[in-house]
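In what follows, every chain begins at residue 1, and chains take the letters A, B, ... in the order their sequences are listed.
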Protein chains: 2
Amino acid sequence: MRVVVALGGNALLRRGEPMTAENQRANVRRAAVALAPIAAEHELIISHGNGPQVGLLALQAESGQGAAHFPLDVLGAQTEGMIGYLIEQELGNLLPFEKPFATLLTMVEVDPADPAFQNPKKPIGPVYSEEDAHRLAKERGWTVAKDGAHWRRVVASPLPKRIFELRPVRWLLEKGTIVICGGGGGIPTVYGEDGKLRGVEAVIDKDRVASLLAQQVEADAFIMATDVSAVVVGWGTKDARAIRRASPAALSRFEFASGSMGPKVEAARDFAQRTGRTAGIGSLEDIPRILRGDAGTLVSNDVATLEWASAETLALFQD
Amino acid sequence: MRVVVALGGNALLRRGEPMTAENQRANVRRAAVALAPIAAEHELIISHGNGPQVGLLALQAESGQGAAHFPLDVLGAQTEGMIGYLIEQELGNLLPFEKPFATLLTMVEVDPADPAFQNPKKPIGPVYSEEDAHRLAKERGWTVAKDGAHWRRVVASPLPKRIFELRPVRWLLEKGTIVICGGGGGIPTVYGEDGKLRGVEAVIDKDRVASLLAQQVEADAFIMATDVSAVVVGWGTKDARAIRRASPAALSRFEFASGSMGPKVEAARDFAQRTGRTAGIGSLEDIPRILRGDAGTLVSNDVATLEWASAETLALFQD
């Protein structure tokens, strides 16, 4: 089997944890434990988020000594190196020495006419006071928006059109290589009017890119690992119910949080609909069980409508 | 032909230039212009330095907002992503769209018993006052040393033993992929007593790693590009003479600067001696001419002893 696993940013850094190298490594190790049995048995591509990391590197780059403006494409490339390294090393330590690994820098083409560029909505980096936000907007050409009590920079989140390194990914998989790629949704690039490719200040949704990657490498399964065990309807209310299995169509009845579960559900529906195969969403630790169909929320054309998780299973989600 | 080109840190950032993303991109573009004709005709691996970049990222990480201690292996991984991205994009813009590229994160094994760890000598990062240097040494377990009027952190520069991603590099080359790897000498790693691989706070000489890479992929030619046109004996004196061609043995008569030309000459001798093929050292712009044997200093077993460059050629070096 060929499997694509997308590790959520929250799977790589627990909420509230300081983003030290040690904490990141400890979380990557948890992910590696969950991935090792799959890596030993199947062809595996690992993709990952980079939200907290890119935010921190942006903050470091723009303050203190050695301050320099590094645009988001350059910062994204840095995080692909850093997070890819930790995954490659920690997962490698759990597998036979002979298993080949490749962490590939990934550029993704977006459309400069994508409407997202006219309406940047994705908040990134630290929070600012209103005054600072407006000053930075002026100085750096940023778009800023209110986010709760504070202000933040917001950037476009355009749709991914093309993953440039797709052929190397395929060639490496065919040789049994575990491939780490598409980190942070890949580096967003556009063709300019001069026909040259260049980076843009945007963030591509990592689950969308992982779904596209899974489709284009003809993956047999696509799993998104996060910090909850399943897709839950009515999250946080007394009527919360977890979905065990669903058809892509059945999921369209619900609204999910746009910053977290929404893109995952959309990515899962897209994969299932276009390939006829199964996408899974669930917790990091459950990855092997999700692949066997024994945990998480599974999205597939083979499901008539929707099955809720049993009451016992649900109890786990409400911990 | 299979060609390995190592781009020096100075080829990627001119001396004294601020390390903005724009300046780095402009320099990478110069490198791309020199590399494009080779990439169009031959199998090509590109390796690169990261000295100024890793110094700046270390400085950014440890000061200002969002400060966090990131060890050298993690910072090195960040620079492999960042510099690899710029090279991949800029060189890609000069080649047909169909040409595949892969920027590969590269881990290199070093020996924890390497004597370099007992005697760290490689200066990295910013300069400090004596007081600050000693405080940081205490706080962070650094070794610090006097460097001219200031103090700097010094780290071990152990010998490379093994390039972990060698098989993926070979597989990608066989498919015609331009491979960018071994950046900054690769990420230094050791096997601990628990049998697990982990990063270490060290810097591996990038020319040594590029030479090892060139040997192990059985490259037909190995070129180190820097900011001077050839290897010069008596650099900066009125007796300065540039070397046109030399046997590895003939070069052993001279001493070259340990921080700059010394490692390049050593890497060239090592490649030429072990493979019977030619290594070249020269300026970035001359890469295609060096490959044809028309520029730079060429090191080969086929040269009886040593040929000096002509007086006219020498005039160029003295500009």
Gap separating the [atom1] atom of [X] from the [atom2] atom of [Y], nearest 0.5 angstrom:
X	Y	atom1	atom2	result
A:K196	B:Q89	NZ	CD	11.5 Å
A:L56	B:Q60	CG	CD	11.0 Å
B:F164	A:F97	CZ	CZ	5.5 Å

Please look at [X] and chain B and tell me whether the side chain, the backbone, both or neither of the residue comes under 4.5 angstrom of a heavy atom of that chain.
X	result
A:L197	both
A:T189	side chain
A:D73	both
A:L172	side chain

Task: Closest non-hydrogen atom pair between B:L105 and A:G81, with its separation - done: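 In this case the closest contact between B:L105 and A:G81 is CD1-O, 3.4 Å.
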TODO: Taking all heavy atoms of A:G199 and all of B:Y85, pick out the closest pair and write down the distance.
DONE: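 What the structure gives for the nearest pair is CA-OH, 3.3 Å.
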So with a 6.0 Å cut-off around [atom1] of [X], is the heavy-atom count from everything else above 12?
X	atom1	value
A:H150	NE2	no
B:E131	CD	no
B:E218	CD	no

Task: Validation row: B:W171, A:P100 side chains within 4.5 angstrom (heavy atoms) - done: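 SC-SC contact between B:W171 and A:P100 confirmed.
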Open item on the list: With a 4.5 Å cut-off on side-chain heavy atoms, are A:E165 and B:F101 touching?
Closed with: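 A side-chain contact under 4.5 Å is absent here.
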Hey, which of [options] has the most heavy atom pairs under 4.5 Å with chain B?
options	value
A:E22, A:E90, A:M82	A:M82
A:T20, A:L86, A:V74	A:V74
A:A61, A:P126, A:G183, A:G84	A:A61
A:E80, A:R25, A:E88	A:E88

- [ ] Kindly determine whether A:Q78 and B:L57 satisfy side-chain contact (heavy atoms from CB on, under 4.5 Å), including the steps that lead there.
- [x] CA-CA 10 Å; A:Q78 288 181 23; B:L57 293 190; 3.8 Å; yes
Task: chain A contact via B:Q24 - side chain, backbone, both or neither, heavy atoms under 4.5 Å - done: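 Only the side chain of B:Q24 comes within 4.5 Å of chain A.
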TODO: Quick one: do B:T103 and A:L104 satisfy side-chain contact (heavy atoms from CB on, under 4.5 Å)? Show the steps, please.
DONE: CA-CA 6 Å; B:T103 300; A:L104 273 188; 6.0 Å; no
Task: From CA spacing to verdict: side-chain contact (heavy atoms from CB on, under 4.5 Å), A:M19, B:F70 - done: CA-CA 10 Å; A:M19 208 194 77; B:F70 280 2; 3.8 Å; yes
TODO: Given side-chain contact (heavy atoms from CB on, under 4.5 Å), test B:K175 with A:R167 step by step and report yes or no.
DONE: CA-CA 9 Å; B:K175 295 284 191 179; A:R167 287 172 299 162; over 6 Å; no
